[in-house]
Amino acid sequence: MTNAPWWSQAVFYQIYPRSFADGNGDGTGDLAGISSRLDYLVELGVDAIWISPFQRSPQVDHGYDISDHCDVDPLFGTLADFDSMLAGAHERGLRVTIDMVPNHSSDQHPWFQRALASGPGSPERELYVFRDGLGEHGELPPTNVASLFGGPAWTRVTEPDGQPGQWYFHLFAAQQPDWNWGNEAVLEEFRRVFRFWLDRGVDGFRIDAGDALIKHPAYRGDDPLMPLIRKDPNSPVHRIYRELRKVMDSYPGERMAVLEMGGDREVLTSLVRPDEMHLYFNFPFMHSREWDDDKTLAEAIDLALWMRGSTGTPPTWVTDNHDTPRSVTRYGSHVQLAGDYVPTTGDPAPPTTDLTLGTRRARAMALALLSLPGAAYIYNGQELGLPNVDDLPEELLQDPVWERTGHQERGRDGCRIPLPWGGAEPPYEFSPTGTSTWLPQPTDWAPRSVAAQRGDPDSMLARYRHLLALRRAHPALRTGAVTWLPRPPHTIGYERTCFAGEHPGAAVIEVWLNLGTTPIALPSGEILASSAPVTDTLPADTAAWVRTR
Ligand code: NOJ
């Protein structure tokens with residue numbers, strides 16, 4: 001055995017609380033719903049959960065606009081519901097991590113309301129990013145930076161005297177004003193918020209928009225991500241994360257945080273530090289655009305391994321989350337719609353999707369996701385092979401992106417549909433029979449429900465359980481070295497071994513993924529798992545784990 005901290009090899013399961021399970025029968029998922037399904041997660045075989053925001057919020061961005069960081073939104077329950085969910089998870093050996101949203105608050109947060117009421121030049125305004133406008137009467141925004149959700153990133157306020165006044169910055173929706181992290185009081189407040197949840201017993205955090213906290217004050221361009229100070233090792237962002245790390249390290253147990261951040265090698269190396277946040281998502285792994293593009297996929301793997309070598313930070317693998325079209329749909333499309341979590345208007349029109357093909361490929365990709373060293377994340381419903389729902393009626397769309405882009409982009413609702421648990425028709429035991437769920441579920445999801453898949457040894461759910469059990473049993477699937485094998489075009493092939501002395505006698509496993517159209521030869525050995533039937537060759541769109549020693 002090794003002394004590796006739990007999070008460095010864990011499989012996390014992301015719960016989007018609105019869509020996981022509805023405990024009170026109002027059509028929206030909640031904390032009681034999570035409590036009622038903890039046994040399912042144990043059976044699945046994950047180590048930890050990450051719950052997207054459930055804190056008090058006007059729900060403009062479904063919880064990513066927080067108005068009170070230290071309370072539960074009534075939509076999701078109460079602090080007592082949280083405590084009992086946490087206790088239930090811990091009793092079952094599941095770790096609990098929660099979302100932390102430090103880049104912005106809700107415009108209904110009392111501190112923002114006070115900033116509005118206090119007027120220009122007040123210390124209250126210093127907590128957010130307020131600027132005078134340009135033009136004779138300040139009628140033009142201070143810069144031409146665009147919001148990531150479409151439209152301008154600056155909104156003009158009405159001053160306490162009733163006159164149009166200053167502008168405030170929001171990287172996302174206008175109801176999500178950015179904090180000014182240059183102000184010490186913001187750091188102090190977040191130290192308090194971290195402690196509040198650490199005191200309650202959470203095992204860690206996922207840091208929302210973790211690369212965006214510091215803005216370049218003089219920036220005048222169009223790209224909203226450019227204003228971030230990233231390369232300066234003395235950038236205030238490193239001090240912020242070091243300070244927050246100290247708070248986490250002052251608690252017993254191995255508390256952790258994973259950064260949500262974009263990025264190529266330059267960005268990653270500028271933000272990931274051993275004494276700061278523990279993990280970061282390897283988004284390039286989910287961003288390769290064409291299924292048969294083995295080069296991009298291999299580069300994404302190499303990048304994370306290189307980062308591990310140079311910073312000591314374990315890689316974190318992910319293919320799906322609540323911001324990205326589901327992988328079954330992406331892999332079934334000629335051009336993947338993966339990429340930035342907000343599709344840009346420049347993206348190609350959605351291509352025809354072959355869900356049978358996409359499902360076959362998603363099954364194969366799971367063998368790559370769960371065989372690489374480090375942590376991995378599974379997004380609720382991924383283990384059921386749910387596709388993206390791209391035909392929601394326009395009048396039901398809820399993502400703020402839809403309105404902010406003037407109905408140019410439909411947004412992310414399609415990957416946030418409530419989960420089907422059982423039964424023949426909606427709401428599929430997500431809510432009590434007869435309840436309308438917050439987003440409607442497709443009428444053909446009965447075969448995709450948990451109950452339907454539980455009884456089928458060949459289902460996606462059964463595959464995930466099998467893979468997770470193997471990953472537990474074989475340390476070479478979660479730690480150690482990746483050695484590339486000579487491989488034909490459009491394939492991925494690597495050998496997985498533990499580091500010397502780590503787990504003496506552990507199996508050596510070759511992982512093969514065929515992204516092309518021609519079958520390839522498999523090495524001799526014991527087939528531990530395959531995403532479709534294999535013989536001594538691996539067909540197209542299929543992956544296998546072969547124990548060679
Ligand atoms: C990233 C989150 O994952 C996304 O859902 C959210 O809209 C933005 N950050 C803003 O908080």
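In each ligand, atom 1 is the first atom listed, and ligand 1 is the first ligand listed. Numbering starts at 1 and runs along the sequence shown.
- By the criterion of a heavy-atom distance under 4.0 Å, the side chain of Arg206, and not its backbone, is placed next to ligand 1.
- Defined by atom type and a distance below 3.5 Å, a donor-acceptor pair is present between the side-chain atoms of Gln14 and Ser52.
- Across the listed options Val101, Asp208, Asn321, Asp208 owns the non-hydrogen atom lying nearest to atom 1 (C) of ligand 1.
- Aromatic ring pairs are classed by plane angle as parallel below 30°, tilted from 30° to 60° and perpendicular above 60°; the pair Phe20 and Trp421 is perpendicular.
- Distances from atom 10 (C) of ligand 1 to the heavy atoms of Asp61, Thr324, Leu148 show the closest one on Asp61.
- Judged by the shortest distance from any of its heavy atoms, His170 lies outside the 4.0 Å radius around the atoms of ligand 1.
- Residues meeting the side chain to side chain contact (heavy atoms under 4.5 Å, CB included) test with Pro393, sequence neighbours left out: Glu395, Leu396.
- The salt bridge (Lys or Arg N to Asp or Glu O under 4.0 Å) search around Asp302 returns none, not counting sequence neighbours.
- Residue His62 does not touch ligand 1, judged by heavy-atom distances below 4.0 Å.
- Ligand 1 places these atoms under 4.0 Å from at least one heavy atom of Arg416: 5 (O).
- Counted by atom type alone, His170 and Thr155 present one or more donor-acceptor pairs between their side chains at under 3.5 Å.
- Contacts with ligand 1 closer than 4.0 Å are made by no heavy atom of Gln14, backbone or side chain.
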